[in-house]
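All residue numbers refer to positions in the sequence shown, counting from 1. Here the structure is a predicted model, which is why all the values come from computation and not from measurement.
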Amino acid sequence: LATLTVINTADSGTGSLRQAILDANSNAEADIINFNIPTDDPGFVTSAGTDCDSSNDGPDVSPCWWRITPSTALPTLMENGTEIRGSTQPGNTNPGVVGTGATVGVDAIALPQYQRPEVAIQANNFVGISVAGSASGILIEGLAIYDASSAVFVSMVAPSAMAASKSPVMPI
């Protein structure tokens with residue numbers, strides 16, 4: 001497996017999530033996209049939307065996480081075996097869990113709890129992550145995706161054919 005590392009929250013360019021997806025699509029091997037964004041990145045933010053690098057604007061409020069805000073839709077994942085592993089972002093700047101951990105139903109099935117994600121994609125009403133229906137072995141984990149038309153979208157046809165035919169897509 002080839003490892004690609006996202007090192008900033010920029011919309012494009014070296015070290016961005018967009019570039020990592022483009023690189024994964026151009027590589028015939030399976031790829032893992034990891035995260036290692038420093039805390040002085042301008043996308044390191046609080047729930048109030050202010051940055052968490054106190055050297056920039058005074059005291060900051062915890063919890064903090066890294067927010068990636070694409071200005072256009074991210075590229076479609078098209079290469080088999082691509083993994084996007086948001087949980088690889090070091091640090092625990094967004095402590096706590098989501099989910100209740102309670103039980104449901106007559107069988108008292110436990111509801112899971114998950115660590116809060118460190119990396120979020122604010123999708124600006126685009127699809128958060130798009131996957132070509134022909135791609136297999138795709139893994140997307142440890143990310144929060146919000147403000148999206150769909151968090152993850154899997155197309156039923158190849159992206160080039162979809163653009164030409166206006167075929168439907170299936171959200172997941």
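Residues Thr88 and Phe35 approach most closely at OG1-N, 2.9 Å, considering heavy atoms. In terms of heavy atoms, Pro42 sits closest to Val45 at O-CG1, 4.1 Å. Closest approach of Ala148 and Gly128 over heavy atoms only: CB-N, 4.0 Å. For the pair Ile121 and Pro70, the tightest heavy-atom approach, listed with the atom from each and the gap, is CG2-CD, 4.2 Å.
Cluster annotation: Val152 is connected to Ile68 through the hydrophobic network of ILVMFWY side chains, with a link wherever side-chain heavy atoms come within less than 4.5 Å.
Not a single side-chain hydrogen bond (donor to acceptor under 3.5 Å, both in side chains) links Asn36 to another residue, sequence neighbours left out. Here Thr82 pairs with nothing under the side-chain hydrogen bond (donor to acceptor under 3.5 Å, both in side chains) rule; sequence neighbours left out. Qualifying side chain to side chain contact (heavy atoms under 4.5 Å, CB included) partners for Ala2, counting only residues two or more places apart in sequence or in other chains: Asn27, Glu29, Asp31.
Only one option out of Ile33, Ile32, Leu139, Leu4 pairs with Ile84 in a side chain to side chain contact (heavy atoms under 4.5 Å, CB included); it is Ile33.
Judged by distance alone, the side chain of Trp66 and the main-chain N or O of Asn8 form no donor-acceptor pair under 3.5 Å. Judged by distance alone, the side chain of Asn124 and the main-chain N or O of Thr69 form no donor-acceptor pair under 3.5 Å. With Glu118 contributing its side chain and Pro90 its backbone, the two residues share no donor-acceptor pair below 3.5 Å.
Residue pairs meeting the salt bridge (Lys or Arg N to Asp or Glu O under 4.0 Å) criterion with at least one member in residues 68-93, sequence neighbours excluded, are Glu83-Arg85, Arg85-Glu141.
The closest side-chain heavy-atom distance from Val131 to Ile140 is below 4.5 Å.
To the nearest 0.5 angstrom, Ile138 atom CD1 is 10.5 Å from Ile129 atom CD1. To the nearest 0.5 Å, atom CG of residue Asn125 and atom OG of residue Ser149 are 5.5 Å apart.
One side chain, Asp41 or Thr9, offers a donor N or O that lies under 3.5 Å from an acceptor on the other.
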Side-chain donor/acceptor pairs under 3.5 Å, residues 15-23, sequence neighbours excluded:
unit_1	atom_1	unit_2	atom_2	d
Ser16	OG	Gly13	N	3.4
Ser16	OG	Gly13	O	2.8
Ser16	OG	Gln19	N	3.1
Arg18	NE	Asp11	O	2.9
Arg18	NH1	Ala73	O	2.9
Arg18	NH2	Asp11	OD1	2.8
Arg18	NH2	Thr72	O	2.9
Arg18	NH2	Thr72	OG1	3.2
Gln19	NE2	Asp23	OD1	2.8

